[in-house]
Amino acid sequence: MAYAVDIDSLNPAQREAVLTTEGPLLVLAGAGSGKTRVLTFRIAHMVADLGVRPWQLLAITFTNKAAAEMRERLSSLLPEGTRGMWVCTFHAMCVRMLREDADLLGYTGQFSIYDDDDSRRIVRDIMQALSIEQKQYPINMIRSKISAAKNAMIGPDEMSDRASSPQEEKAARVYAELERRLRAANAMDFDDLLVRTLELLRSRPEVLEKYQERFRYISVDEYQDTNHVQYEIANLLAAKYKNLMVVGDDDQSIYSWRGADISNILDFEQDFADAKVVKLEQNYRSTGHILSAANAVVRHNSQRKDKRLFTAAGDGEKIQAYQASDERDEGRWIASEIDKLHDGGTPYDDIAVFYRTNAQSRILEDMFLRAGVPYKIVGGTRFFDRAEVRDVMAYLKMVVNPADEMSVKRVINTPRRGIGSTSIQKIEMLAASNRCSFFQACELACAETGMFSAKVRNGLADFVNIVRRGRRMDGELKDAVEAIVESAGLVQAYRSEGTMEAEGRAENIQEFMGVAAEFEESHEDIEGTLESLEELRAAGVGDVPQPAPASTLADTPFASSAAQAASEIERTYGPLACKALPALMEWLALRSDLDALSGQSSAITMMTIHSAKGLEFPAVFVAGMEEGIFPHVAGFGGEDAAKLEEERRLAYVAITRARKRLFLTYAATRRTYGSTQANPRSRFMNEIPDEDIEFSGIGSSGFSGTGWEKRGDRRGTFGSGQGSDMYGGRVFGSYTRSTGGSGASAGSYDSFFGVAGTERHRGVSPDAGRKPATFGSGAARPRQQKASAPVEQRRPDAARAAEVFAVGDAVSHKTFGAGTVISVDGDMIEVQFEKSGKTKKLMKGFAPIVKL
DNA sequence: CTCCGAGTAGTTTTT
DNA sequence: CTACTCGGAG
């Protein structure tokens, strides 16, 4: 048989996976084993060779980005098109299904989606209302308990019955109120999207049937990251035809703390007795040393399916380990190594720096800035998480769904309209006594002369009008958004503040409107749209079957207040004229990261290890390889083995991102939360075989694997001995163990100081001992003269240092673009950048900035 | 109602 | 150390 896809380019295991199109299939895909290729080839094969119609296919991914990538690869494999194929995340799929049949659950199709921040706020409000002390019952604890209950399909009542602790009892009460409010607001949080879909599929056989019949072939990527509800949904959808393919790697399960359940993948063979299992163990990504290190580390986990990646590629370069004196030195060393790589022809785009926690990015960022290494940060505080942007979004959400109490309350007094918490409370009472939505109560309040002052009533009237006018806006999405923002008066309010910060916020809002305009353009194409069969038929897509007779449902079991309130509002304020607005809101709610927005400029990538999953880079740095940081404090101490294993999987993920070069760094001392601590080197580094790794920096290779080091590790004396004693000026003098066991390390110091090896004890006086402190924070690395050179070169040169900056000066930064100086303090200047809106403190002369 | 200061918490995160 | 939240004073 001649295949439309190049089946010969696959290895036997991959080929088997691609050709197994019928029945349940579990693909255990190790890191870098070509799993995306298998996934896309398999689908392309089905469509091009086996006559499966694109609309019969459902491919679920974990992130929007992965979905977009897959769609792209599929459309290049399938020139005849992929229209009707659903390639999306679980959440996007659920939203699509819920929009269509929300009325069966007592919601309207216009329901709002509450993201994490919204959900947090509402829980906080509820806890306040129920006077539950946040001190005693931390909000995140309550939220995770509720989330766990939701995902176990346990309702508030049942949770209350089962509550075995005061925490759970309180959580159940919050849960009950949360449900009530979400329903009343016609809103769903991220958990609800999944849970309600499962509810829909379970309670409505005709709906389930519709999708079971349509989606004959289902594949789920990153199966190890699915939670219980997602697992149920997938199984339900596939229950009829059993053509379910799941792809995953138990070694890369790093989201259990978020409800991901590894047992989903481990138990697949039990769920489907006749499941075929294919293991993809050949790695096409990394070189030998890197792969060997990854294998060695992950082998320390007990809870895993045994597999071992192998590669046909050569050993490649050894992993470079570097012990820095402190976190600043670490950043500097990484910067200088990046410089070397770049000089050697590696583009910045091929380099990534990973860290365990976002907090670590600061110092690294700072050091890169000074060294002139261009970087971009993935994750962290994102554009769409900025308060002012969220405010705009809340206005838009409110216009789309005025019952959305959360959004209404968020912006009712932003910008200031003189409506404070007492007025809001009164409106709440009004809403309760009139049994109407909060928003309708706002309107009632305008007429209530007795209850509110004229000032408040005027403010409310303005506010209510925003919705009235907003809903009438038709035409271009961009214009509608602009009109709503305009009538909200946000930009004007910021502009009149006159501060640089407010100006930045105003600019962010402008930028947001640019995003909206962009969305309208890119939204035109049908690609990526999840169409129903009806829509496909209407669009003239051939051989789409007749739908099952429409389920005429007079008996909506939930005559819910949400639906009533929503339709009430529809009647009162008229239908929403701008149809693109809900689509924009949905896209915003389910957005992944804004990597599309960050330009294509050449820069290294900085991100947490979690966000690095699924990516690969020719050169990878992992910073902060220290006990307490990675594995993070929560994971060690012994008692929680499962947590430690997850940290180890995280290490596995980090290591396996690297194709050719891997650098692991750790610092002898590190400032965290203001105090300095000395952390021993990460146990994960010790799990890497000696032949795969090379140590350098203070206390280099001769140390590894010697007995004393392990003894030191436990007490943390290794780090503190090297680090703090060094600063105390007693590097070699009193540190007897190091003189005995560390020839290589001493050697490196010796060559640095130019002291003969045999004389080092006498030669280094306490006074001279301070020098290492200089070396630690000054030059990059003792042994290689060259290494320190790049940093050295970036010393403030005369011209740069002489440049005078004044507040208000326009400047341009190599990485951050244009900005304005907002303060000057000696050699430090603070600059606000236009693009990011962020302010940064920069060192005059070091930072790559020029006055415009 | 707003503003300012003290106090405190402080993994990982896509949807 | 810092960013954010809460509570009290104006």
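Labels below follow one simple rule: chain letters A, B, ... track the order of the sequence lines, proteins then strands, and each chain is numbered from 1.
- For A/T63, the side-chain atoms get nearest to B/dT14 when compared with the rest of C/dC6, B/dG10, B/dT14.
- In this structure A/F215 satisfies the ring-ring contact (aromatic ring centres under 6.0 Å, His included) test together with A/W86, sequence neighbours excluded.
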Output side-chain donor-acceptor pairs under 3.5 Å for residues 122-129 of chain A, partner residues at least two apart or in another chain, one line each.
none

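- The ring of A/Y114 has its center no closer than 6.0 angstrom to the ring center of A/F190.
- Atom CZ of A/R96 is separated from atom P of B/dT15 by 20 Å (rounded to the nearest Å).
- The 12-atom threshold is not exceeded at CZ of A/R120, counting heavy atoms of other residues, nucleotides or ligands nearer than 6.0 Å.
- OP1 and OP2 of B/dT12 both lie 4.0 Å or more from every side-chain N or O belonging to A/S611.
- In this structure, A/F111 atom CZ and B/dT15 atom P are separated by 17 Å, rounded to whole Å.
- When each of A/T357 and A/F90 is assigned the nucleotide of DNA chain B with its nearest heavy atom, A/T357 is the one assigned upstream, toward the 5' end.
- Under the stacking definition used here (centres under 5.5 Å, planes under 30°), the residue A/Y255 fails to qualify as stacked on the base of B/dT14.
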Pairs under 3.5 Å (N/O, protein and nucleotides 3-7 of chain B):
residue, atom, partner, partner atom, Å
B/dC3, OP2, A/R416, NH1, 3.1

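- Looking at heavy-atom distances under 4.0 Å, A/F190 makes contact with a base.
- Glycosidic conformation of B/dT11 is syn; the angle stays within 90° of 0.
- Between A/F630 atom CZ and B/dT12 atom P there is a gap of 13 Å when expressed in whole angstrom units.
- Atom CZ in A/R671 sits about 12 Å away from atom C1' in C/dT2, given to the nearest Å.
- In this structure, A/F630 has its ring center under 6.0 Å from that of A/F684.
- Side-chain proximity of A/W257 to B/dT15, B/dT11, B/dT12: nearest is B/dT12.
- In this pair, A/Y223 and A/Y231 present their aromatic rings tilted. The plane angle is within the 30 to 60° band.
- Contact annotation for A/T672: no contact, since no heavy-atom pair falls under 4.0 Å across all strands.
- Taking the side chain of A/N413 as heavy atoms from C-beta on, and the options B/dT11, B/dT13, B/dT2, the nearest nucleotide is B/dT2.
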Atom pairs, protein N/O to nucleotides 7-10 of chain C N/O, distance under 3.5 Å:
none

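- Comparing A/I609 and A/I424 against DNA chain B, the residue whose closest nucleotide sits nearer the 5' end is A/I424.
- The CZ atom of A/R386 sits 13 Å away from the P atom of C/dA3 (whole-angstrom rounding).
- Whole-Å rounding puts the A/D117 CG to B/dT13 C1' distance at 14 Å.
- Rounded to whole Å, the distance from CG on A/D125 to C1' on C/dC6 is 14 Å.
- Taking the six-membered ring where the residue is Trp, A/F519 and A/W587 present tilted rings, their angle falling between 30° and 60°.
- Where stacking is scored as ring centres under 5.5 Å apart with planes under 30°, A/H632 registers as stacked on the base of B/dT11.
- Counting non-hydrogen atoms of other residues, nucleotides and ligands closer than 6.0 Å to CD of A/E72 gives a total of 12 or fewer.
- Side-chain atoms of A/T422 and A/Q425 form no donor-acceptor pair, as typed in the model, at a separation below 3.5 Å.
- Qualifying ring-ring contact (aromatic ring centres under 6.0 Å, His included) partners for A/Y652, counting only residues two or more places apart in sequence or in other chains: none.
- Rounding to whole angstrom units, CG of residue A/L650 and C1' of B/dT13 are separated by 12 Å.
- If you check every strand for non-hydrogen atoms under 4.0 Å, A/L194 touches nothing.
- Nearest to the side chain of A/L590, among C/dC6, B/dT15, B/dT12, sits B/dT15.
- The salt bridge (Lys or Arg N to Asp or Glu O under 4.0 Å) check on A/D250 picks up A/K307, with sequence neighbours excluded.
- With distances taken from any side-chain atom of A/H610 to the nucleotides B/dT15, C/dC1, B/dT13, the minimum falls on B/dT13.
- A/S421 comes within 4.0 angstrom of the backbone, heavy atoms only, and of no base.
- A/N358 has no side-chain polar atom (N or O) that falls below the 4.0 Å cut-off from OP1 or OP2 of B/dT11.
- With distances taken from any side-chain atom of A/R362 to the nucleotides B/dT12, B/dT15, C/dT2, the minimum falls on C/dT2.
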